[in-house]
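Sequence lines set the chain letters: A, B, ... in the order given, protein chains first and strands last, and positions in each chain run from 1. Atom set for the values below is all heavy atoms of this structure, side chains included, hydrogens, waters and symmetry mates excluded.
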2 protein chains.
Amino acid sequence: MARMPVAERRSRLLAAAFDVIARHGVAGATTRAVVEAAGMKLASFHYAFASREELLAELVAEVVDSQQVVLEVTSGSGSSLETVLELGLRSYFAQVRADPLRERAMFELTQYSIRTPGMRELAAKQYERYRSLAAESLAEAAQRTGAVWQRPLPDLAADLVVFTDGITLAWLADGDDERADRSIRFAARALAAEAVPNTDTDTDTDTDTDTGIRPPTAEHHESRSPESRSPERTRDDHRA
Amino acid sequence: MARMPVAERRSRLLAAAFDVIARHGVAGATTRAVVEAAGMKLASFHYAFASREELLAELVAEVVDSQQVVLEVTSGSGSSLETVLELGLRSYFAQVRADPLRERAMFELTQYSIRTPGMRELAAKQYERYRSLAAESLAEAAQRTGAVWQRPLPDLAADLVVFTDGITLAWLADGDDERADRSIRFAARALAAEAVPNTDTDTDTDTDTDTGIRPPTAEHHESRSPESRSPERTRDDHRA
DNA sequence: GCCGAAGTGGGTCAGTTGACCCAGTTGCGT
DNA sequence: ACGCAACTGGGTCAACTGACCCACTTCGGC
């Protein structure tokens, strides 16, 4: 085993631990298993970390703030908000499909920190982080499509995270790609319905969400959006 | 320790195991921990179950088909579909809040079966069951409020499960009641938007007509008595 | 070149775990 | 009331685990 600075060794062990956890759960990430996955000797473990617990805590913390995106908003202009959201969710889901083990490990770590006395707040922080990333994406999506969210962004971000979590979890359990895709389309539609086009007219500022929702048969705030909005994103476009 | 039939012992051990899992995860549910929670001796464990693995498999199976409701639809008529859904989701969430450990154990078991080679299909079955229950609730909600779902019921049921999972998971992580409630309102609104009122004007039904709700076919109602576990392959090998 | 510290490797140790054995005991069917 | 199978209790055992120790290398600064 080559010599290397402690920092390097630590991060290699963290990576190895993540790997092992994805495959065998947190409980399966024994010091020996981790060390073997990293190609080291056991003593090196305790040279780099005071204890297994320390490794796990560090791993959760690292995972929390290395989280980069929830969903990517990379759509050409001219698309509807719903389309942008749908594409974003699809690209998120493509990541999940490409590396399901990663997601499994994430859930595993979340549950571990929920269950572990000293780490409860890390789980909460993890979700805060998700939501803040989600909020950024939603803001950008709205801006690009000239839409205005009708509810506080943090709330919508939380809802988006609900979708990604729920869809991912279900897919991890049953592996049904098409079902996931249908849920994605639904999620995009549902979220898009929480915004209105920005065309200056409706400045109602009524974000009181209690019952102010219109019946699903739309045809009602489309009267004057001359550009990109397809005139009815109503019930039937989803399976045209 | 009182004498009791094997079936009884098994079910007590299963209950104890569920309890331990909720608190310490599947990995924490060692034979000794389970046995202690059940107030038994270790030997009784292996008298009732061939192995810890068998216990866990049985527990997952039991949990899957003892699942009773996803959301209760108990609203007076005259309410809107959205309101009915919202109340149903609230009552579901009240259950979660009342017994978070239970939910934690459920997620724990799901993840365990996802990760365990021979039990993958049990996880899928679990979700099927959730969805079938969700479908029943949605059908009833629509029927009571005179609404017609515009997408296939199984798809909507899957979406509902996405919501409950996502909301529950987030709440388990951060314990934010109000956020959960906002997500519930959003979920109710989003789902309600997938239906149209059935009132009279339902004549056209020209496009995609096949998506109407089907009355809940009562095909699979079992009458499993609480402890009618099959007594045949219980523990006789080590004595035969 | 050489010295001390950073890093390594092999081993130990006590505690835990799943499995399982076997000598008893107890209650049920008859 | 009584025989015997169902059931229990108190062990044992090998494997595994986290922690940690300490004699060695090896490298970098001098």
Side-chain angles (χ1 to χ4, degrees), chain A residues 1-14 16-17 20-21 23-60 108 112 115-119, chain B residues 1-14 16-17 19-21 23-60 108 112 115-119 227 229-240:
Chain A
M1 202 38 41
R3 277 172 101 78
M4 67 186 75
V6 199
E8 162 85 4
R9 188 168 296 279
R10 281 168 77 94
S11 78
R12 281 203 204 184
L13 281 169
L14 287 171
V20 175
I21 287 172
R23 253 185 287 282
H24 302 105
V26 171
T30 66
T31 53
R32 280 167 240 261
V34 169
V35 139
E36 198 207 315
M40 300 178 190
K41 296 291 179 158
L42 188 51
S44 303
F45 184 97
H46 281 99
Y47 187 81
F49 291 98
S51 68
R52 174 178 180 268
E53 234 178 87
E54 187 186 302
L55 168 94
L56 289 175
E58 194 111 345
L59 182 56
V60 172
E108 198 80 37
Y112 169 74
R115 171 183 353 114
T116 304
M119 301 177 60
Chain B
M1 201 41 39
R3 274 172 102 79
M4 66 186 75
V6 198
E8 161 85 4
R9 189 168 296 280
R10 281 167 77 94
S11 78
R12 281 202 205 185
L13 282 169
L14 288 171
D19 223 62
V20 174
I21 287 172
R23 254 185 286 283
H24 303 105
V26 170
T30 64
T31 53
R32 280 168 240 261
V34 169
V35 139
E36 198 207 317
M40 300 179 191
K41 297 291 181 159
L42 188 51
S44 304
F45 184 97
H46 280 99
Y47 187 80
F49 291 98
S51 69
R52 174 178 180 268
E53 233 178 88
E54 187 187 302
L55 169 94
L56 289 174
E58 194 110 346
L59 182 56
V60 172
E108 198 80 36
Y112 169 75
R115 170 179 359 110
T116 304
M119 302 178 59
E227 61 201 9
R229 286 253 151 274
S230 59
E232 75 284 29
R233 58 153 203 7
T234 57
R235 193 65 251 277
D236 31 5
D237 49 320
H238 80 294
R239 183 153 290 288

| Test salt bridge (Lys or Arg N to Asp or Glu O under 4.0 Å) applied to B:E8 and B:R12, step by step | CA-CA 6 Å; B:E8 161 85 4; B:R12 281 202 205 185; 2.7 Å; yes
Rounded interatomic separation in angstrom, taking [atom1] from [X] and [atom2] from [N]:
X: A:L13; N: C:dT8; atom1: CG; atom2: C1'; result: 14 Å
X: B:F45; N: D:dC7; atom1: CZ; atom2: C1'; result: 17 Å
X: A:L55; N: D:dG18; atom1: CG; atom2: P; result: 10 Å
X: A:E53; N: D:dT17; atom1: CD; atom2: P; result: 17 Å
X: B:E8; N: D:dC7; atom1: CD; atom2: P; result: 11 Å
X: A:E36; N: C:dG9; atom1: CD; atom2: P; result: 15 Å
X: B:Y47; N: D:dC7; atom1: OH; atom2: P; result: 4 Å

| task | Let me see the working for A:L56 and A:T116 under side-chain contact (heavy atoms from CB on, under 4.5 Å), right down to the final yes or no. | result | CA-CA 11 Å; A:L56 289 175; A:T116 304; over 6 Å; no
| Distance check: side-chain N/O of A:H46 vs OP1/OP2 of D:dC20, anything under 4.0 Å? | no
| field | Minimum-distance nucleotide to A:R9 side chain [options: C:dC21, C:dG7, D:dC7] | value | C:dG7
| query | For the side chain of A:S51, counting heavy atoms from C-beta on, which of D:dA19, C:dG10, D:dC7 is nearest? | reply | D:dA19
| field | Heavy-atom closest pair, residues A:L13 and A:V35 | value | CD2-CG2, 4.2 Å
| task | Only pairs at least two apart or in different chains count here, so list each salt bridge (charged side-chain N to carboxylate O under 4.0 Å, His left out) that has a residue in residues 45-59 of chain A. | result | A:R10-A:E54, A:R10-A:E58
| task | Decide yes or no for B:Y112 and B:I21: does some side-chain heavy atom of the first lie under 4.5 Å from some side-chain heavy atom of the second? | result | no
| Does a sphere of radius 6.0 Å around NE2 in A:H46 hold more than 12 heavy atoms from other residues, nucleotides or ligands, not counting ones at 6.0 Å or beyond? | yes
| remark: The contact string for nucleotides 12-17 of chain C, one letter per nucleotide 5' to 3', using protein heavy atoms under 4.0 Å with B, S and - for base, sugar-phosphate only and none, comes out as -----B
